[in-house]
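Report on the structure given below.
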Amino acid sequence: MKKYFLFLLMLAGVSAAFSQEVTKTNEVAFQAGEQITYKLKYGIFTAAEAVIKVESSPVKFDNHPALHIFADAKTAGTFNLLFKVRNRYETFINPQTLLPYYYSEQRQESSYRHSDKVTFDHDTGIITADKGKFPFKGNVFDFLSAYYFARNIDVSKLKVGDKLSMRYFLEDGIHTLTITFMGHEQVKCGLGTFDCLKFNPTIIPGRIFRKNSKLYLWITNDKNRIPVKAHVELIVGSLVMDLTQASGLKYPLNPVKK
C-alpha cells in the first residue's frame, strides 16, 4: 500500500501521457501560474488532496530555461490516523520540448520514507538516480512531467479501441503504461460537467487492486486537456479523483453546465 497510495492519487497524470511515438502539438496547453487541485475520495469520505503548480524557474539547465512544476499531496481527516501521507514531487522541464531535466521526490507514507533525485540527460540517453544509472532511448518522463507532456499530444485522430503507451522512470527503473481510448463522454466534477475524452489505463493487480479492477480517466476535450476525474476499483470499494480547483489556466474552462 505504501508504495502505491500516492502513485494512485496522481495516476491520472501518468495515465494521460499516451505516447505512441507521437509528436506534441505546437501550442503548449499550459503556462506558468497554473494551479490545479484534486481531491481523492473513498466512498463519501475525502481521503487526500493534491495541489499541482507551474512556475517559471530561475534555475537554468545548460543555459536553457525551465519550468518548475511541483505537486504536494497529503491525506485528510481520519485518513491521517489510518495512513498519513505527506509527499512532494518536483520536476524541471524544457518549456519547448516539455522533456524533463531533473526530478525529485520526498515521500512520507505512514512509517515509510523515500526520497529520490533523478537527472535526465537526453543527449547521452542516461538517467541518473539515487539507485544508479539507467540508459534509455526516445522520450522518457517522470510521472509529473508526463502529465504535462500528455496535455500537448494531438488526439484528433484517435479511434475507439486504439491502444497507446508511454514510458516513465519511477524509483528504480523505466516502466511502460498502456491505455485504451474509450471514446467521448460527458462527466461531472467539482467544477461542473465537461465534454471529455475517456481512457482506460492498464493497472497491475496487487495488494489494493483486484485481478479485474478497472481504471477510467476523463480528460477535458478542449485546449487545456486537464484530467477532471479518475475512478479505480479496489479490492474493497473504489477511489475517485476529482478536480476541485483550477486557476491561472492558459485557456478558459468551458463546462457544459455547472
Is the backbone N or O of [Y] less than 3.5 Å from a side-chain atom of [X], with the two atoms forming a donor-acceptor pair by type?
X: D195; Y: N221; result: no
X: T75; Y: V85; result: yes
X: S115; Y: Q106; result: no
X: R151; Y: N224; result: yes
X: N94; Y: A66; result: no
X: E185; Y: C196; result: no
X: Q31; Y: G248; result: yes
X: K198; Y: F181; result: no

- Task: Please step through side-chain contact (heavy atoms from CB on, under 4.5 Å) for the pair L253 and L191, ending with a clear verdict.
- Result: CA-CA 9 Å; L253 280 176; L191 295 182; 4.0 Å; yes

Would you name the heavy atoms of [X] and [Y] that are closest together and state the gap between them?
X: P100; Y: T91; value: CB-OG1, 4.0 Å
X: S56; Y: L67; value: CA-CD2, 4.2 Å
X: D162; Y: K157; value: OD2-O, 4.2 Å
X: G183; Y: V160; value: CA-CG2, 3.8 Å
X: V228; Y: C189; value: O-CB, 3.5 Å

- Task: Using salt bridge (charged side-chain N to carboxylate O under 4.0 Å, His left out) as the criterion, list what pairs up with K131, not counting sequence neighbours.
- Result: E171

- Task: Name all residues meeting the salt bridge (charged side-chain N to carboxylate O under 4.0 Å, His left out) criterion together with E55; count only those two or more places apart in sequence or in a different chain, and write none if there are none.
- Result: none

For the residue pair [X] and [Y], establish whether any side-chain heavy-atom pair is separated by less than 4.5 Å.
X: Y103; Y: S145; result: no
X: F79; Y: L81; result: no
X: N152; Y: V28; result: yes
X: F149; Y: F141; result: yes
X: T37; Y: L243; result: no
X: V187; Y: Y216; result: no
X: V118; Y: D142; result: no
X: L40; Y: V240; result: no

- Query: Would you call the rings of Y112 and H114 parallel, tilted or perpendicular, where under 30° means parallel and over 60° means perpendicular?
  - Reply: parallel

Under the rule for side chain to side chain donor-acceptor pair (under 3.5 Å), what residues qualify as partners of [X], not counting sequence neighbours?
X: Y42; result: none
X: D72; result: R88
X: T180; result: K163
X: T124; result: D121

Test ring-ring contact (aromatic ring centres under 6.0 Å, His included) applied to [X] - qualifying residues, sequence neighbours left out:
X: H64; result: none
X: F134; result: F169
X: H122; result: F136

State yes or no: do [X] and [Y] share one hydrophobic cluster built from I, L, V, M, F, W and Y residues joined by side-chain heavy-atom distances below 4.5 Å, directly or via other members?
X: Y89; Y: V51; result: no
X: I174; Y: L99; result: yes
X: M182; Y: F194; result: yes

Atom [atom1] of [X] and atom [atom2] of [Y]: how far apart are they, to the nearest 0.5 Å?
X: S238; Y: L215; atom1: OG; atom2: CG; result: 11.5 Å
X: T220; Y: L197; atom1: OG1; atom2: CG; result: 8.0 Å
X: H175; Y: S165; atom1: NE2; atom2: OG; result: 14.5 Å

- Evaluate the criterion side-chain contact (heavy atoms from CB on, under 4.5 Å) for residue pair I226 and I219; output intermediate values, then yes/no. CA-CA 5 Å; I226 295 178; I219 302 172; 5.8 Å; no

- Item | Side chains of T46 and K39, donor plus acceptor under 3.5 Å | no

- Message: Under 4.5 Å side-chain heavy-atom separation, chaining through any Ile, Leu, Val, Met, Phe, Trp or Tyr, what else clusters with Y101? Say none if it is isolated.
- Response: V59, F61, F92, Y102

- Query: Tell me the salt bridge (charged side-chain N to carboxylate O under 4.0 Å, His left out) pairs involving residues 173-184, sequence neighbours left out?
  - Reply: none

- Task: Only pairs at least two apart or in different chains count here, so list each side chain to side chain donor-acceptor pair (under 3.5 Å) that has a residue in residues 239-248.
- Result: K229-D242

- Option from R225, E27, K223 for which side-chain hydrogen bond (donor to acceptor under 3.5 Å, both in side chains) with Y251 holds: E27

- Query: Step by step, would you call R86 with N80 a side-chain contact (heavy atoms from CB on, under 4.5 Å)?
  - Reply: CA-CA 10 Å; R86 294 292 185 272; N80 281 316; 3.1 Å; yes

- Message: Please confirm whether the ring centroid of F30 lies under 6.0 Å from the ring centroid of Y148.
- Response: yes

- Query: Does NZ belonging to K250 count more than 12 external heavy atoms closer than 6.0 Å?
  - Reply: yes

- E90/K53 ion pair, N-O < 4.0 Å: no

